[in-house]
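The structure appears right after this line, and notes come after that.
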There are 2 protein chains.
Amino acid sequence: MASASVKDVAALARVSVGTVSNVLNRPELVAPETVERVTQAMEKLSYVRNEAARQLRLGHSQALGLITLSGGNPFFTDLATAAEDAAADAGFSVIVGNSNDRKDREAGYLSLFEELRVRGVLLSPVGDPAARLRRMRDRGISAVLVDTVSTDSSFSSVSVDDVAGGALAAAHLIGSGRRRLAYVGGPIEIRQVRDRLAGARQEVAKHPGVTLEVVDVGALTVQEGRAAGAVIASRPVSDRPDAVFAANDLLAIGLLQSLFINGRLAIPQEIALVGYDDIQFASASVVPLTSVRQPSALIGRTGVEILLQEAEDPELQPRHVLYQPELVVRESSAG
Amino acid sequence: MASASVKDVAALARVSVGTVSNVLNRPELVAPETVERVTQAMEKLSYVRNEAARQLRLGHSQALGLITLSGGNPFFTDLATAAEDAAADAGFSVIVGNSNDRKDREAGYLSLFEELRVRGVLLSPVGDPAARLRRMRDRGISAVLVDTVSTDSSFSSVSVDDVAGGALAAAHLIGSGRRRLAYVGGPIEIRQVRDRLAGARQEVAKHPGVTLEVVDVGALTVQEGRAAGAVIASRPVSDRPDAVFAANDLLAIGLLQSLFINGRLAIPQEIALVGYDDIQFASASVVPLTSVRQPSALIGRTGVEILLQEAEDPELQPRHVLYQPELVVRESSAG
DNA sequence: TTGAAAGCGCTAACAC
DNA sequence: GTGTTAGCGCTTTCAA
């Protein structure tokens, strides 16, 4: 049995296809009795509207695209959940893709979203897709950058002040007596990674005698954190940092695994540790993790709201919402 | 500027629309020189294929639907990532929805997927959508159940033996001297929650003198675990369990937060704790967590492979793949 | 209040 | 190797 179409429903209800369409979209224009008859026919045939046909006719879909940097990062799942809820309130669905920090994947999802004629896209960029996004905007697909500020500010953005967050972390570490800091993060192409480092550098520069070493990693994952930690743990004490600031909590948890669990280094006594994002697991880690908190759900919700407004009226001036991060101090840096 | 269509491309390249379609889908049928001309025209007009039109013509999309129980659970994000990779290998994309344990959400995504004419759906069911799925199969949308066994076995399934997993956890706890077990999990409608409990019960029944108490929670989240832990911690020592088996790691981590961090109960001395899923964070939690490991990525990949085969040939007999879980012992139960 | 008909962009069958 | 054309299922004028 193939799917029933409006035609089949119309035939069974003995009305025209136009009327069937009307009961679907503007039932107030149809006589109650007719509505009833059509509804029953739909029921009987288990009619399911063909979204592709509807969309073809309408010219665009009722969906939004979202590209996150990493599906495994709870920060992004929280953001995505909030975005979905906000979109659902307005009758939109959201299609999520994870670039996993890869430009080619980002480009792939952008292409998919264009083919799908989504109404707008929300993204945390890896590369610099501004040119591409501008082209998309010309055809009616607006974009809002989340968790990053646009390079050319012609796109709206919703983000958190990562430079301030980096400064917050470094200031805290220096304030509690640490002198040899290390920043573990990468790839450096990611704006968040760069900004958090820049903030830390600013703070370090204010304190002569304090040094900041950069440990570059390939991705913001638990695994990479574990690898970086193993390298740090294997260095002689004199050459080891006395504080590590990780670009996100996933990395920090990996560091915890190799520094504390495997390397048996005392945290925070030998090495203090600060992460970023304050994910749910941070407070329950081996050594509860000091972290820089970001309002993930708020970012997702606000992003969708702005996107929907711009989809409605493309002439709107771009807006830039910047939230402030907050330091949550726990044992990993309390010494 | 509106989007360019095949018509525009054809006009610019001075060929017919059929030829444009051919360079898109079967370029080997077209003269190289023509391919070149058409390609350049596409480039010039920034042509992007309209997926809705293509799909309308083809009768179905190149997408698969996936419904997970919880977006915040790393078990499902791992499963989803593997599913996406497997689908991508076959030229399919996957649209994920989270039911968050709610039947209405599950039904909502099923409707959306039907409207989208996905080729198949992969799901970890909340309710009992068998009837609905059968109707969908009649119209060419096959379904594979993941992380659960079909009630009527007419649908293929890829799952892990949860009864065995529950037994594994309980046997371990009893074997290390525990006598008053508590199972924390819910809602009981979820098959995984039920099966893990059943396995634990089987094991408990083999050991006279061992008791098993069930603490029902509203969802498999860190928050709910925290709430359940607070209740347990507030009970007098004589009335407290000496071991807790949590239906998943999220719950276990929440329990750790309220039992160990807030309640200052010694783990595993006063209460031993075992979780389920062995997510990445389990080994780095306050007290490294004993957990029952499931091959999440393998489940996702296998599920997609079966689904794709069935989409290809709907006459295929349903297959039931059952993986065995594995107990990973860590400190939370080592005493 | 309802019906008839055009057309969204694409693919595939068929003709040349 | 290329062109012509029908038609996928839907919404939306326009007329009755």
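Here is the naming used below: chain letters follow the sequence lines, and residue numbers restart at 1 for every chain. The structure presented is a predicted model; accordingly, all values stated were derived computationally and were not measured.
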Atom pairs and distances, donor-acceptor, side-chain atoms in residues 103-110 of chain A, under 3.5 Å, two or more places apart:
unit_1, atom_1, unit_2, atom_2, d
D104(A), OD1, R102(A), NE, 3.2
D104(A), OD2, R102(A), NH2, 2.8
E106(A), OE1, V126(A), N, 2.6

Students should find this one: the first and last nucleotides of DNA chain C, 5' to 3', lying under 4.0 Å from a heavy atom of chain B. What are they? dG9(C) to dA12(C)
Toward the 5' end of DNA chain D, by each residue's nearest nucleotide, P32(B) or A53(B): P32(B)
Could you pick out which residue, V15(A) or A52(B), lies toward the 5' side of DNA chain C when each is mapped onto its nearest nucleotide? V15(A)
Between Y323(B) and T302(B), do the side chains contain an N or O donor and an N or O acceptor separated by less than 3.5 Å? yes
Measure from NZ on K7(B) to C1' on dG3(D) and round the result to the nearest Å. 15 Å
L45(A) atom CG is separated from dG9(D) atom P, nearest whole Å, by 13 Å
Rounding to a whole Å, what distance do you find between E114(B):CD and dG9(D):P? 15 Å
In whole angstroms, the gap separating C1' of dC8(D) from CD of E51(B) amounts to 14 Å
Residue from I306(B), V304(B), V94(B) passing side chain to side chain contact (heavy atoms under 4.5 Å, CB included) with L122(B): V304(B)
So, the side chain of E51(B) versus the backbone of L112(A): is there a donor-acceptor pair under 3.5 Å, distance only? no
Donor-acceptor pair, distance only, cut-off 3.5 Å: does the side chain of R37(B) make one with the backbone of A13(B)? yes
Within the distance-only criterion (no hydrogens, no angle test), does the side chain of N98(B) pair as donor or acceptor with the backbone N or O of N100(B) below 3.5 angstrom? no
Strictly by side chain to side chain donor-acceptor pair (under 3.5 Å), give each pair with a member in residues 78-90 of chain B just once, sequence neighbours left out. none
How would you summarise protein contacts on nucleotides 11-16 of chain D per nucleotide, using B for base, S for sugar-phosphate only and - for none, with heavy-atom distances below 4.0 Å? BB----
Does R134(B) make a cation-pi contact with F155(B) (under 6.0 Å, within 45 degrees of the axis)? no
Given atom CG of L56(A) and atom P of dG7(D), what is their separation to the nearest angstrom? 17 Å
Bend angle of the helix from dT1(C)-dA16(D) to dC16(C)-dG1(D) from five-pair axes at both ends, rounded to 10°? 40°
When rounded to whole Å, the CD to P distance for the pair Q55(B) and dC10(D) reads 12 Å
Quick one: does L123(B)'s side chain get under 4.5 Å of P129(B)'s, heavy atoms only? yes
Which pairs with one or both residues in residues 308-318 of chain A pass side chain to side chain donor-acceptor pair (under 3.5 Å), sequence neighbours excluded? S156(A)-E310(A), Q309(A)-R319(A)
Between the side chain of N25(B) and the main-chain N/O of S21(B), is any donor-acceptor distance below 3.5 Å? yes
